[in-house]
Amino acid sequence: MPVWNLSEARGRMISEAEVRLQYGDHPTMFCMLLNHGGKFTDFPGRKYVNGKRHYVDLIDIETFCVHDIDDMMVKLGYIDENLHVEMYYHFRRPLCDLDFGLFALASDDDVTHLAKYVGQHKLIEVYTEHGQTKLHTYSMSQNPSKVRIVEIDCTPKRLFLEWHDTQVEPNDVLTFEPNRNNPPVSPTRNEPSIYKVDMVSDNANIMETEIEHSSDDNSSGDDSESQDGDFLLDEDNIIDDVEVDMREFHLNVDPDVEWIGGASKRKNHVVTEDGNEADLEVIDMELFLSDSSSDDGIEGERNKKIKAIRRAHENENAQVSEPFYLYQKFNSSKEFKDMVNQHAIDTRRELDFEKNDKNRVRVVCRGTITSLGGGTGQEVVNEEGKCPWVLLASKWKRDKDWTVKTYVSEHKCLQTRKVRACDYKFLSKQILQLVEANPKIPVKALREQLQRIYKVDISKMKAFRAREAALKIIRGDYATQYKILQDYLLEVQTQNPDTTIKLDVESEPNPDVETRTFRRVYVCLGALKQGFAAGKRDFLGALDGNNGIYPLAYVVVEAETLNSWTWFLTHLGDDLGLASNSNFTFISDRQKGLSSAIADLFPCAEHRYCVRHIHENMRSRWRGDKFKELLWNCSTTYTVQEFEKEMEEVRKLNQECYEWLKQIPPQHWARSHFTGRAHSDIVINNICECFNSKIIDGRDTPIINCLEFIREYIMKRIVNVEEEIDKATGPLTPTATKLLQKIKDQAEEYTASFCGNGKYQVSGPWQDQCVVNVNQRTCSCKKWEITGMPCKHVVSAIWDMRRNNGAIGIPETFVHECYWLSTWRNMYSFKVDPINGRRLWIKSPCPTTLLPPKHHVPIGRPKKKRRKSTTEKENMIKGNTVSRAQKTVTCTKCNNKGHNARTCKGQLPTVGKKGKKKNEKGKEKDKGKENEKGKQKKKGKEKDPL
C-alpha cells in the first residue's frame, strides 16, 4: 500500500525552502507537485496550460516507481481500470525551464535519473499528458541539430501565482544550472536548440549588497573613513562591525598558469643525524623514464656509453660547475632555451641564439674580448677575436627529445652587467613569492633587491614591468577570466543552493555569432537571502540585530545609471519577493538614477537620504558649524512639533538655506516623518562606507578575482560574527544592550502615573511629559515606534507596572525581535559554502563565449584614493598655524574675489569706497616714487664736471 498523501494545491504555493525544512532530516523523502489535466504550448517559451495541481507528500525515492503515478492518476479519475488510456509523464529538473528541463519518467532508469536531484531538491514537479504527447523526451535524439543562438530581450522574473482551475505558469528561468551532477540538457528531435541569453560589464563599478551606495574607483581608497568621524553621530548611527582578515586572499583561475615553487632540485639527498650526507642506495623512480630499449648489439653498446656519460653529469656538483654536457637530453626546445637564459644570467655572459628553428638551436657568446694596448692603460677591443663558447642542441630524426651535440665551455670574453636574457618576463617568475606576500612592494626596493641577487643592471621600468607581470600571474589575466566566468558562476551556484545569478551581455544583431560581450552580473547567495529573512528587519541597508552590516547581493555593472539601478533592483525584488506595494525601507546617498528607480519599482517603499551627503550639498553655499548643528537637530527630532521648531531656527539664521532645505521632503531625511517599518532610526549611510573599505583591495582586480574576493569576505565575516555571538550573553545583542542600558539610566529621572486601559502619563525633567500606551506599544515621543526599542518613558512605565503587578516582564521583553540575541544567532546560522578550485569546475553548457567589455579610458590619470568631501578638508592645520585653504581671496587692486594682487590681470575694479581709496593711495605712491627718481637724476647731472 502506498504511504503517500494526495492533496489539492490551493491558495499560496509551497516554496522549496518550506519543503526542505520539512524533509531536511530525511534524505530520500520528497514532495511531488503533480500537474495534470493540461497540455504544453509550443516551443520556445513552453508553458503548461489549462491544468490543475496537486501536492503528493511522503514519497520515498527508494520505493517510488512509475506505477505510483498511475495510482495517483486513478485516484484523480483519469485512468479507468477497464479502459486503456495512454498517459505520458515528465519531470522538470529543478531550476530549469520547460524548454530544456523536461525529462521522461517512464521507466526505472528514469526514476534513477530523478533520484539524483532528490538529495538537494525536495520539491519535484511532474507534468502529465493524456492520449498523446507533443514532446520527444521519451526518445531523445543522440545527434541533435546544430545549435542556434537566439537572443531574447527580456529578463526572467519570478511569478507567485495562486492556483485556480485556469492556466498554469512555469517557474522562473535561471541562466545557470545549480546541480553540478546534472547532464547537459539535450534538445528535442524536431526543435532547434536555443540557449536563452539575457541581453544585458565593464568591470568598472560595484553596487554592493548595501543598495544605498556604491562609490567608484575615484571615490574609494585606503584613507576612507567608514564612521564619518567628521560629522555629528549618535549611538544609533554607529555601525558595529567585525574585522575580517583578507590579506591572505589569492586566486588564480587562468588555465595556463604554471606553478613556480622553491622545491629543491637535489635528488636522493639523505642527511644523517650528525648533519653529514649519507651515502645510501636509494631507488630512483625516474629511471623508469629513461631509455628502456634492448642493449643487444652495437646500438646497445652505444646506449650504455651514453647512459654512463649522463650519469656522470647528473650529480649536483657537476651541474653547478658545468650545467651542459654532450648527450644531455631535453624534453623540448623551450626547456633548453630556458636553461640557456638561466646560465647566461648566472654567468653574466652575452649569449645569443644564432640558429633557432624547429630542429636545431645554436647558441654562441657575443661577449667582448678586450686587451690593454700600448701600455697607455686604455682598453682596446679585439674585433677579430671571438669568444669560443658555443652550444648546439638538435633533435634526432626519429626522436622527439632534444640532445646536446656540440658544447665548447671555454670563455675568453669578460663578464657584463647588461644581460639580454634578464628581461622582465624572467624576473617576474623569480619574484612571484615576494610579490604575492607584498603586492604593493615599492619598485625602488624591488629593483635594489634584484640587482643585489643577480648582479646585473636592472632599470626602474624593467622592475616595474616585472612586478606587474608577476601580479598578472598571481591574480590572473583580465581578458582571460571572462572566458571562464560562466564556469565560475556555475560553480558558485552549485556549491551554494538557492543562489541567484544573472549574467547579462551586450545585444548582438547576428544570432549566429558564438561570442557575447560582457555587460553585467548579479549575485545573491542563498545563505544571505535566508539570513536576511531570519533577521526580521525590513531594512535594505542592510543591518543585523547588532547594527552591523549584512551584505545581501552584489553586482558588477558598466556604470551607475537609471538602467543599471533598475536592473539591479528588479532582480533584488524578485529574490526577496518584493512587489510594487511592498513596505521596505531603503537608504542611499541619492545616487544618479537610484531615486527614480526606487520610485518606479517600489512606490510604497520608504526611501531615506543620508544626512551627511545633504550637508555636503548645503556646505557649498552655507558654511559653518551652526548650519551643521541645526541640520542635525532637524534630522534627529522624533516629533513633528520639534521638527518645525528646529526648522524655524534655520529660517531665522538664513532664509535662503531654509527655502533650500524645505525643498527636500522631510520623509526622506527627518526621523519625525519616518515610519516604524525598519525598526531603525539611522540617518547616516555608514553601512556602504564600511563595506567599501573592506573590499577596496578587490575592486581593481580581474572580474573573477573581484567577485571571489567579495564572496570570500562575506564567507569569513559570517564565521567571525558567529564567534562574537558565542561570546555574547543576555537576551539582547551587545549593541542593543548598551543602548537599552543608556535608556534605563535616563528613565531613573522619570515618574509614571497609571491612567487605566494600559495608558501611562510619564513626567520628567525640563517639562518632558509623554503618554505611553503599553497595549498598543506606542509613546507620544514616537521613538519606540521608529526604533523598536522602548524609550525612557516606556521603561519608566514598565517599572511602575512591575511594582504593581509582578507578572509583567523586564524591559528587554518589550524590545523588538530583531534585537534579540536568538534572532542574531539565527541570522548568522546560514553559511556561505566554499567552492572548488579552477581544475574542478564543471564546464558551462552555454555555447556562447564571453568577451571582455570595451574599455573606456577616462580623461586624466586614474585616481585610486577617495575624493574627500569639503567637511574633511576644513579646519586644516599647516605647521602651527591655521591653513587658509578653501578660503576666498580678495584682490587689493581691483577688489574682486578669486585672486590676489600678484595674479591680477587688470580686471575692472569693483565699485566701492575701499577699492577707490586703495587705488588712489597706490597712484599717489607711484607718483611720489617717480618724483624722487627725477630729483636724483637732476642732482647727478649738476655734480657731473663734464
Side-chain angles (χ1 to χ4, degrees), residues 15-18 20-21 95 120 158 172 174-176 178 206-214 239 241-242 244 246 488-503 521-556 568-578 582 584-587 678 680 687-688 690-692 694-695 698 706-725 818 823-835:
S15 64
E16 171 74 19
E18 295 174 343
R20 188 185 297 112
L21 184 63
L95 302 181
Q120 295 184 357
R158 178 171 301 171
D172 57 334
L174 297 183
T175 309
F176 297 97
I206 302 174
M207 286 191 245
E208 298 83 7
T209 339
E210 292 76 48
I211 149 180
E212 54 283 339
H213 177 65
S214 171
I239 303 301
D241 195 28
V242 297
V244 179
M246 298 295 293
Y488 165 77
L489 297 177
L490 180 60
E491 174 67 18
V492 172
Q493 197 173 38
T494 301
Q495 300 298 333
N496 294 269
D498 199 23
T499 295
T500 303
I501 295 179
K502 301 293 182 179
L503 178 63
V521 61
Y522 167 90
V523 180
C524 184
L525 300 174
L528 300 181
K529 289 190 286 187
Q530 297 173 356
F532 177 78
K536 300 180 180 180
R537 207 174 201 175
D538 297 340
F539 184 71
L540 285 175
L543 289 175
D544 59 13
N546 199 45
N547 279 356
I549 63 174
Y550 189 82
L552 181 57
Y554 51 95
V555 300
V556 178
F568 170 64
L569 293 176
T570 300
H571 293 307
L572 184 64
D574 293 341
D575 284 331
L576 300 181
L578 302 182
S582 297
F584 270 69
T585 300
F586 297 82
I587 185 170
S680 174
I687 310 166
C688 64
C690 182
F691 187 77
N692 285 335
K694 304 299 182 182
I695 65 171
C706 178
L707 296 174
E708 181 61 15
F709 186 94
I710 299 175
R711 189 201 65 83
E712 187 170 324
Y713 166 77
I714 297 174
M715 178 182 66
K716 292 181 178 180
R717 187 186 180 280
I718 291 177
V719 177
N720 292 355
V721 173
E722 192 175 32
E723 294 177 357
E724 297 296 327
I725 294 175
C818 65
T823 303
W824 193 30
R825 179 179 287 106
N826 188 28
M827 188 176 188
Y828 284 90
S829 63
F830 303 95
K831 305 297 189 301
V832 176
D833 295 329
I835 65 173

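Thr823 places no side-chain N or O within donor-acceptor distance of the main-chain N or O of Gly535, the cut-off being under 3.5 Å. Under a 3.5 Å cut-off, the side chain of Asp544 and the backbone N or O of Asn546 do form a donor-acceptor pair. A donor-acceptor distance shorter than 3.5 angstrom exists from the side chain of Asn496 to the backbone of Asp833, with no hydrogens or angles considered.
Side chains of Glu724 and Tyr828 form no contact here, defined as non-hydrogen atoms less than 4.5 Å apart. Side-chain contact between Asp498 and Lys529 is present, with at least one heavy-atom pair separated by less than 4.5 Å. Contact of the Tyr554 side chain with the Ile714 side chain is registered, since non-hydrogen atoms from C-beta on lie closer than 4.5 Å. Residues Ile710 and Phe691 have side chains in contact (heavy-atom distance under 4.5 Å, counting atoms from C-beta outward). Here the side chains of Ser680 and Arg537 are in contact, with some heavy-atom distance below 4.5 Å. A heavy-atom distance below 4.5 Å is found between the side chains of Leu578 and Leu540.
Between the side chains of Asp575 and Tyr522, at least one donor N or O lies within less than 3.5 Å of an accepting N or O. Between the side chains of Tyr550 and Arg717, no donor-acceptor pair of N or O atoms lies under 3.5 Å.
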Subject >> Trace of the side chain to side chain contact (heavy atoms under 4.5 Å, CB included) decision for Leu525 with Val492 >> reply: CA-CA 9 Å; Leu525 300 174; Val492 172; 3.9 Å; yes
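Taking both residues in full, the closest heavy atoms of Phe584 and Phe539 are given as CD2-N, 4.5 Å, listed atom of the first, atom of the second, then distance. Listed here is the closest heavy atom pair of Ile835 and Glu708: CD1-OE1, 3.4 Å. The two atoms that bring Thr499 and Gly526 nearest to each other are OG1-N, 3.1 Å, heavy atoms only. Nearest heavy-atom pair across Lys694 and Phe709 is O-CE2, 3.6 Å.
In this structure, Gln495 CD and Leu490 CG are separated by 10.0 Å, a value rounded to the nearest 0.5 Å. Residue Gln530 holds its CD atom at 12.5 Å from CE of Met827, rounded to the nearest 0.5 Å. One distance of note links CG of Leu576 with NE2 of His571; it measures 13.0 Å at 0.5 Å rounding. Here the CG-CD1 distance, from Asn720 to Ile725, works out to 11.0 Å after rounding to the nearest 0.5 Å. Taken to the nearest 0.5 Å, the CG atom of Leu503 stands 9.0 Å off from the CD1 atom of Ile501. From Cys524, atom SG reaches atom NZ of Lys502 across 11.0 Å, with rounding to the nearest 0.5 Å.
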